[in-house]
Amino acid sequence: MTTTDLLPAPPPPRAASRRALLAGSAGNFVEWYEFGVYGCFATVIAANFFTPQAGTGAGAGVQGGAEALVATYASFALAFFFRPVGALLFGRVGDRFGRRPALVLVIGLMTLATTLIGLLPTRADIGAAAPWLLTLLRVLQGLSAGGEFGGAVSLMAESAPPGRRGLYGAWQSFTVALGLLAGAATAAALATLLPAEALYAWGWRIPFLLALPLGAVALWLRTALEEPPGAPPAGPGSATGRADPAGTTGLREQARAVVLGIGRIMGWSAAGYAFLVVLPSHLQSALGASFRDALLATTLVNLGFAAAILPAGLLSDRVGRRPVMLCGALGTAVLALPVLHLIQSPGTSTHVRVAAVLTAGALVGLLAGPGPAMLAEMFPRRVRCTGLGLSYALANAVFSGCAGLFITALAARTANTAVPAHYAAVACALSVPALLTLRGNDHREPLR
């Protein structure tokens, strides 16, 4: 750690704080709308790209069965494993040249890749090349999503007024929730308005093509962005310097911080994707729910998630990150299985089922609200984009990217429909010791 790491940056003007929050939030919303649409249309994509029969009707999705869905989630997982690469690549840009260039690059790449998915010919059109092209575009999405978190969270945390870092950081998670919710709501609307045959044939392309105008707006906002206070001059030697005073010791400290950060958010990563992304296809493949009902459940769980995030971030500014995140982790570990049983049980009333789904989302929100600010407080500015982005990307690569593949495959092998709950509960229980290492006053200290 260097002496300059201990010097806090001056607080930003309120107008600049709000502009930074808007630019970071809008771009983050678009990124996660684009990324989440794939999860909502997993069964449709399986029918169009990973089913050997190459059918495009609703029946093709059924015929492809679990094998096609596993292949779809393998592509999903591959994109997650490229997120650490994106975190390193774009984090380096953000730390050396500024937050704005990194954020402009990631939104441009995500928008391009998502739009091209909407234009991609299916397996019925070009044969076995279709799933490979889709996987390539998913890799580009993964690179972009890996760079988004570090840049957006660094920007929001560094631009926050005193005593509001948890709330500003929570907007990153909140716009993730809004993006996933928008993706689920768009998919649900299309499933309601279009016949199944039309949805499988061409309707699934619409949400991907919407990425183009949405991404253009986010790109415009980010190009007008100002760097937060305390930013180093742009240039190859600006952020890290050609001679690193911290040396190897500093690298070891940052590596330990990355590992600790992964431990602190592994429960958030696993529970978030088990409930928010994997749930719709799991309800269809394991429980026989209709596409429309599964998407309705996903919309509700994302509503519960979104409703809890900002209050959790604000509360963490008052009482600290540790108690709020521990409530989320312990609550998920204890309640995940009962909540899923209520959702699955045929005898459960509609009102109770809705309450259970909302509760599942809210528990994840308790982790996601304070999480971004907590990670930002772990790293000095000169490596913040890279450090917190890499922690988040690695945790998501292991505990989120593999969630769909692991849950779908294990549920098919064991016929245990409670696999998502067990997965979320175990990961949250394992994250508790790492969360206990948080200090009670970290939220009051200025960023390094």
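For clarity, every value in this text was computed on a predicted model and none was experimentally measured.
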Starting at [atom1] of [X], measure out to [atom2] of [Y] and round the result to the nearest 0.5 Å.
X: L337; Y: L342; atom1: CG; atom2: CG; answer: 10.0 Å
X: T114; Y: L140; atom1: OG1; atom2: CG; answer: 9.5 Å
X: F97; Y: F90; atom1: CZ; atom2: CZ; answer: 13.0 Å
X: F208; Y: T115; atom1: CZ; atom2: OG1; answer: 10.5 Å
X: T437; Y: L260; atom1: OG1; atom2: CG; answer: 4.5 Å
X: I107; Y: W220; atom1: CD1; atom2: CH2; answer: 14.5 Å

Which residue in the set V93, L88, L89 passes side chain to side chain contact (heavy atoms under 4.5 Å, CB included) when paired with T386?
L88

I want to check something: taking the side chain as every heavy atom from C-beta on, are [X] and [Y] in contact at a cut-off of under 4.5 Å?
X: Q254; Y: P380; answer: yes
X: L436; Y: V432; answer: yes
X: V301; Y: L358; answer: no
X: L340; Y: P420; answer: yes
X: F174; Y: F29; answer: no
X: C428; Y: W268; answer: no
X: F275; Y: V357; answer: no
X: L219; Y: T111; answer: no

What closest approach, in Å, do [X] and [Y] show between heavy atoms, and which atom pair accounts for it?
X: A271; Y: T332; value: CB-CG2, 4.0 Å
X: I309; Y: A368; value: CG1-CB, 4.5 Å
X: F379; Y: S391; value: CZ-OG, 3.6 Å
X: L137; Y: A113; value: O-CB, 3.8 Å
X: G313; Y: A170; value: CA-CB, 4.0 Å
X: L167; Y: L310; value: CD1-O, 4.0 Å

Under 3.5 Å, is there a donor-acceptor pair between the side chain of [X] and the main chain of [Y]?
X: S144; Y: V106; result: yes
X: N302; Y: G361; result: no
X: R96; Y: R382; result: no
X: R165; Y: A160; result: no
X: D95; Y: C385; result: yes

If you look only at distance, which donor and acceptor atoms sit under 3.5 Å apart when one is on a side chain in residues 147-157 and the other is two or more places apart or in another chain?
unit_1 : atom_1 : unit_2 : atom_2 : d
E148   : OE1    : R222   : NH1    : 2.9
E148   : OE1    : R222   : NH2    : 3.4
E148   : OE2    : R222   : NH2    : 2.7
S154   : OG     : G150   : O      : 2.7

Pick one: which of R322, R439, R321 meets salt bridge (charged side-chain N to carboxylate O under 4.0 Å, His left out) with E377?
R321

Kindly indicate, with the supporting measurements, whether the criterion side-chain contact (heavy atoms from CB on, under 4.5 Å) is fulfilled by L438 and R264.
CA-CA 9 Å; L438 283 166; R264 288 174 175 176; 3.2 Å; yes

Apply the test side-chain contact (heavy atoms from CB on, under 4.5 Å) to residues Y392 and R83: give CA-CA distance (whole Å), side-chain angles for both, the deciding distance (0.1 Å), then the verdict.
CA-CA 9 Å; Y392 184 79; R83 287 174 64 172; 3.2 Å; yes

Which is it for I265 and L367 under the side-chain contact (heavy atoms from CB on, under 4.5 Å) test, yes or no, and what are the steps along the way?
CA-CA 8 Å; I265 65 171; L367 294 165; over 6 Å; no

Report the C-alpha distance between S25 and Q172 in whole Å, list the side-chain angles of each, state the deciding distance to 0.1 Å, and finish with yes or no for side chain to side chain donor-acceptor pair (under 3.5 Å).
CA-CA 6 Å; S25 298; Q172 190 280 335; over 6 Å; no

Working for ring pair (Phe, Tyr, Trp, His ring centres under 6.0 Å), residues Y168 and W171:
CA-CA 5 Å; Y168 267 55; W171 274 93; 8.4 Å; no

Could you go step by step and tell me if L447 and R384 meet the side-chain contact (heavy atoms from CB on, under 4.5 Å) rule?
CA-CA 10 Å; L447 288 175; R384 184 169 294 128; 3.7 Å; yes

